[in-house]
> 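Below: one structure in structure tokens.
Numbers here simply count residues along the sequence, with the first being 1. Just follow the structure's listing: the first ligand is 1, and inside any ligand the first atom is 1.
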Amino acid sequence: MSSIKIECVLRENCRCGESPVWEEASNSLLFVDIPAKKVCRWDSLSKRVQQVTVDAPVSSVALRQGGGYVATVGTKFCALNWEDQSTVALATVDKDKKNNRFNDGKVDPAGRYFAGTMAEETAPAVLERHQGSLYSLFPDHHVEKYFDQVDISNGLDWSLDHKIFYYIDSLSYSVDAFDYDLQTGKISNRRSIYKLEKEEQIPDGMCIDADGKLWVACYNGGRVIHLDPETGKRLQTLKLPVVKTTSCCFGGKDYSEMYVTCARDGMDPKDLLQQPEAGGIFKITGLGVKGIPPYPYAG
Ligand SMILES: O=C(O)[C@H](O)[C@@H](O)[C@H](O)[C@H](O)CO
Ligand SMILES: [Zn+2]
């Protein structure tokens, strides 16, 4: 019998922590604080955090084949050199939409960096609707656009056989699936596989586990829900002591631990007093399921 343990391992006071990614080579968790324009790297052994500050909101980070990282900064896909703290733009999207920025992003099993955009928020989940699009940066640095009319482009991952792409547009309150062609990176046949219940609030970041099941962080819901994408059933709910849970990934030894990010922005002083760990990094152990390593960007 495994017993689930949920603990805050880092009190980072992120305004909006997001995009947790495990880097096995350094035993570290990478994540971003979007409005603070920071990419952070928490060493799970030394418990120290390093950070790189960039010049625009940074909404996701990913590993890069051959070393270093890639990140979505403002409306740019960028390469990030940790040593000299420099970023180099690889491509820019939404040039005609000055109020847009990237949001969540993740690399597909073939090494393409997928990320979507949204209009900048005036308050959490308050924004001009339908301004976002979903894109991917191919290894040769060209960008493909999949669709527009997105509200808040969020969680994404791929099935273990690479034949399905899972995607969340937060304000649809739905987890969607597409058929996925790994060779071409094309998506088709969009359908909903899970509609959130009212108390689950807003679906945000997401990851897949080694059994092919999904874990979805629920913003304002203070939880991560465990979904079976084949039956559309919720299998489990993990409740956290913070309400603005934003994303999750597996990491640690053999990817047996789950890491969860969360936000502080949008909380009033009373809530912040009651949730002193808001904006921190949570580790969940004893889930009895493992994750899979993140794919590195191949360009
Ligand atoms: O992290 C994100 O995905 C958005 O940038 C955040 O602002 C919130 O999560 C969003 O408001 C919830 O819908
Ligand atoms: Zn998000």
Side-chain angles (χ1 to χ4, degrees), residues 12-21 30-40 54 56-62 71-75 93-94 97 99-107 113-135 150-157 166-176 195-196 198-208 214-225 240 242-249 259-268 271 275 278-282 294:
E12 184 65 10
N13 285 354
C14 283
R15 288 181 55 195
C16 186
E18 265 285 355
S19 185
V21 180
L30 286 146
F31 59 95
V32 299
D33 183 348
I34 302 176
K37 307 177 183 174
K38 286 192 313 199
V39 182
C40 302
V54 295
V58 53
S59 59
S60 72
V61 61
T72 48
V73 182
T75 52
V93 303
D94 288 359
K97 291 192 188 277
N99 192 41
N100 272 23
R101 64 160 172 85
F102 267 120
N103 200 39
D104 209 351
K106 192 174 278 177
V107 175
Y113 190 6
F114 274 65
T117 57
M118 61 188 278
E120 189 54 276
E121 296 169 307
T122 50
V126 181
L127 75 172
E128 194 186 343
R129 305 279 306 255
H130 313 312
Q131 297 304 302
S133 299
L134 180 71
Y135 298 98
V150 176
D151 286 321
I152 301 181
S153 191
N154 249 316
L156 52 180
D157 217 333
Y166 298 109
Y167 177 71
I168 292 169
D169 179 350
S170 291
L171 299 190
S172 72
Y173 297 89
S174 168
V175 179
D176 290 352
K195 295 264 189 214
L196 273 83
K198 206 162 175 76
E199 62 168 37
E200 293 173 335
Q201 297 283 342
I202 304 177
D204 198 333
M206 155 169 75
C207 69
I208 198 158
L214 300 174
W215 298 80
V216 178
C218 301
Y219 183 89
N220 282 347
R223 69 190 71 192
V224 175
I225 53 175
L240 283 89
V242 289
V243 76
K244 292 189 181 293
T245 33
T246 55
S247 192
C248 52
C249 78
Y259 288 90
V260 182
T261 52
C262 60
R264 282 176 87 79
D265 273 10
M267 292 176 65
D268 60 33
D271 294 337
Q275 300 171 38
I281 300 293
F282 287 82

> Nearest protein heavy atom to atom 4 (C) of ligand 1, by residue and atom, and its distance?
Asn103 OD1, 3.5 Å
> So that I can check it, does any N, O or S atom in Asn103 come closer than 2.8 Å to the Zn ion (ligand 2)?
no
> Any luck finding a side-chain donor-acceptor pair between Ser60 and Tyr113 under 3.5 Å?
yes
> Between Asp151 and His130, is there a donor-acceptor pair closer than 3.5 Å when you use the side chain of the first and the backbone of the second?
yes
> Taking only heavy atoms of Tyr219 into account, list the atoms of ligand 1 that are under 4.0 Å away from them.
8 (C), 9 (O), 12 (C)
> Any idea which protein heavy atom is nearest atom 1 (O) of ligand 1, and the distance to it?
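Protein heavy atom at minimum distance: Glu18 OE2, 2.6 Å.
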> Using heavy atoms and a threshold below 4.0 Å, how should the contact between Asp265 and ligand 1 be classified: side chain, backbone, both, or neither?
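Under 4.0 Å from ligand 1, Asp265 contributes no heavy atoms.
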> Of the options Asp104, Ile34, Asp204, Ile202, which is the one that meets Thr246 in a side-chain contact (heavy atoms from CB on, under 4.5 Å)?
Asp204
> Need the ligand 1 atom indices (1-based, order shown) with element for anything under 4.0 Å from a heavy-atom of Ile202.
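Checking each atom against Ile202, I get 13 (O).
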> Nearest to the Zn ion (ligand 2), which N, O or S atom of Asp204 do we find?
OD1
> Side-chain donor-acceptor pair under 3.5 Å between Asn154 and Asn103, yes or no?
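Yes - a donor-acceptor pair under 3.5 Å links their side chains.
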> Any sub-3.5 Å donor-acceptor pair from Lys37's side-chain atoms to Ala56's backbone N or O?
no
> Is the closest heavy-atom distance from Ile34 to ligand 1 below 4.0 Å?
yes
> Which of the N/O/S atoms in Glu18 sits closest to the Zn ion (ligand 2)?
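In Glu18, the heteroatom (N, O or S) nearest the Zn ion (ligand 2) is OE2.
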> Please report which non-hydrogen protein atom sits nearest to atom 10 (C) of ligand 1, along with the residue it belongs to and the distance in Å to one decimal place.
Glu121 OE2, 3.5 Å
> In terms of atom number and element, which parts of ligand 1 are under 4.0 angstrom from non-hydrogen atoms of Arg101?
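The atoms of ligand 1 under 4.0 Å from a heavy atom of Arg101 are 5 (O).
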> When rounded to the nearest 0.5 angstrom, what distance separates CH2 in Trp215 from CE in Met206?
14.0 Å
> Go through ligand 1 atom by atom and flag the ones less than 4.0 Å from a non-hydrogen atom of Cys16.
1 (O), 6 (C)
> Of all the non-hydrogen atoms in the protein, which one sits nearest to atom 9 (O) of ligand 1, and at what distance?
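Of the protein heavy atoms, Asp204 OD2, 2.5 Å lies nearest.
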> Taking atom types as modelled, find out whether Thr72 and Ser59 have a side-chain donor-acceptor pair closer than 3.5 angstrom.
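Short answer, yes.
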> Can you measure from CD1 (Ile281) to CD (Glu12) and round to the nearest 0.5 angstrom?
7.5 Å
